[in-house]
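Down below is the structure, laid out as structure tokens.
Any value given below was found using the heavy atoms of this structure, including those in side chains, with hydrogens, waters and symmetry copies removed. These figures come from a predicted structure and were not determined experimentally.
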Amino acid sequence: MAKFLEPASRDEVNKMSPITLAFIGDAVQSLIVRRNLALTKDVKPSTYQKLTAEKVSATGQNGLLEKIEGILTDEEKEVFRRARNAKKPTHAKHATSAEYSRSTGIEAVIGYLYLLGEYDRIEELLGTC
């Protein structure tokens, strides 16, 4: 069993499905957003959920993409492209198909960086979520 913060090898991560990377990235982004909210806001738990959903949703992630698209590395752009174009097992409930595809791409980039142990880069991309 892998240790919690032990990075995986680049070869191992590159063999993963982009949807698997997005699955990990969604959890990582959600945790970072929730942590930042808990440390900066004193609100009711239901408000935390609403504020988290604003950031960790297809709409919120598309807003993030607009801010960071220009600073993605070639490697990150490739991960994004693979995930954006991948066949998804689910469909968007509150977003267009294009928004949902782009949000999957962002999640995959975050998951990719997390698995490689590139935590500083995740912080850079997510800013002050």
Can you name the salt bridge (Lys or Arg N to Asp or Glu O under 4.0 Å) partners of [X], sequence neighbours left out?
X: R121; answer: E76, E124
X: R35; answer: none
X: E118; answer: none

| query | Are any side-chain N or O atoms of S101 and backbone N or O atoms of S97, one a donor and one an acceptor, separated by less than 3.5 Å? | reply |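 Looks like yes, one N/O pair under 3.5 Å.
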
| said: Once side-chain contact (heavy atoms from CB on, under 4.5 Å) is applied, do any residues pair with Q49, and if so which ones, sequence neighbours excluded? | reply: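 If we apply the side-chain contact (heavy atoms from CB on, under 4.5 Å) test to Q49, skipping adjacent residues, the hits are R34.
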
| task | Only counting residues at least two apart or in another chain, list the ones meeting side-chain contact (heavy atoms from CB on, under 4.5 Å) with A98. | result |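 With neighbours one apart ignored, the set is T96, R102.
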
| Any chain of hydrophobic side-chain contacts (each under 4.5 Å) joining I24 to L31? |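 Different clusters.
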
| said: For residues V109 and I19: do they belong to one hydrophobic cluster (side chain heavy atoms under 4.5 Å, members Ile, Leu, Val, Met, Phe, Trp, Tyr)? | reply: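 Each belongs to a different hydrophobic cluster.
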
Donor-acceptor pairs under 3.5 angstrom involving side-chain atoms of residues 64-72: please list them, not counting sequence neighbours.
none

Reported [atom1]-to-[atom2] distance for the pair [X] and [Y], which is rounded to 0.5 angstrom:
X: L125; Y: T73; atom1: CG; atom2: OG1; answer: 8.5 Å
X: T52; Y: L37; atom1: OG1; atom2: CG; answer: 5.0 Å
X: I122; Y: Y114; atom1: CD1; atom2: OH; answer: 8.5 Å

| query | Do L21 and I110 have side chains that get closer than 4.5 Å, going by heavy atoms? | reply |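 They are not in side-chain contact.
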
Atom pairs and distances, donor-acceptor, side-chain atoms in residues 38-48, under 3.5 Å, two or more places apart:
{"unit_1": "T40", "atom_1": "OG1", "unit_2": "N36", "atom_2": "O", "d": "2.7"}
{"unit_1": "Y48", "atom_1": "OH", "unit_2": "K41", "atom_2": "O", "d": "2.7"}

| Pair listing, side chain to side chain donor-acceptor pair (under 3.5 Å) test, anchored in residues 11-25, at least two apart |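 Every pair satisfying side chain to side chain donor-acceptor pair (under 3.5 Å) with a residue in residues 11-25: N14-Y112.
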
| query | Where is the tightest heavy-atom contact between A86 and P18, given as atom of each residue plus distance? | reply |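 Between these two residues, the closest heavy atoms are CB-CG, 3.9 Å.
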
| Taking all non-hydrogen atoms of both residues, which atom of L5 and which atom of P7 are closest, and how far apart? |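 For L5 versus P7, the nearest heavy atoms are O-CD, 3.2 Å.
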
| said: Taking side-chain contact (heavy atoms from CB on, under 4.5 Å) as the criterion, tell me which of V79, L113, L116 meets it with V13. | reply: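 Among the candidates, only L116 passes.
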
| Pairing residues for Q61 by the side chain to side chain donor-acceptor pair (under 3.5 Å) criterion, not counting sequence neighbours |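 Listed in chain order: Q29, E107.
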
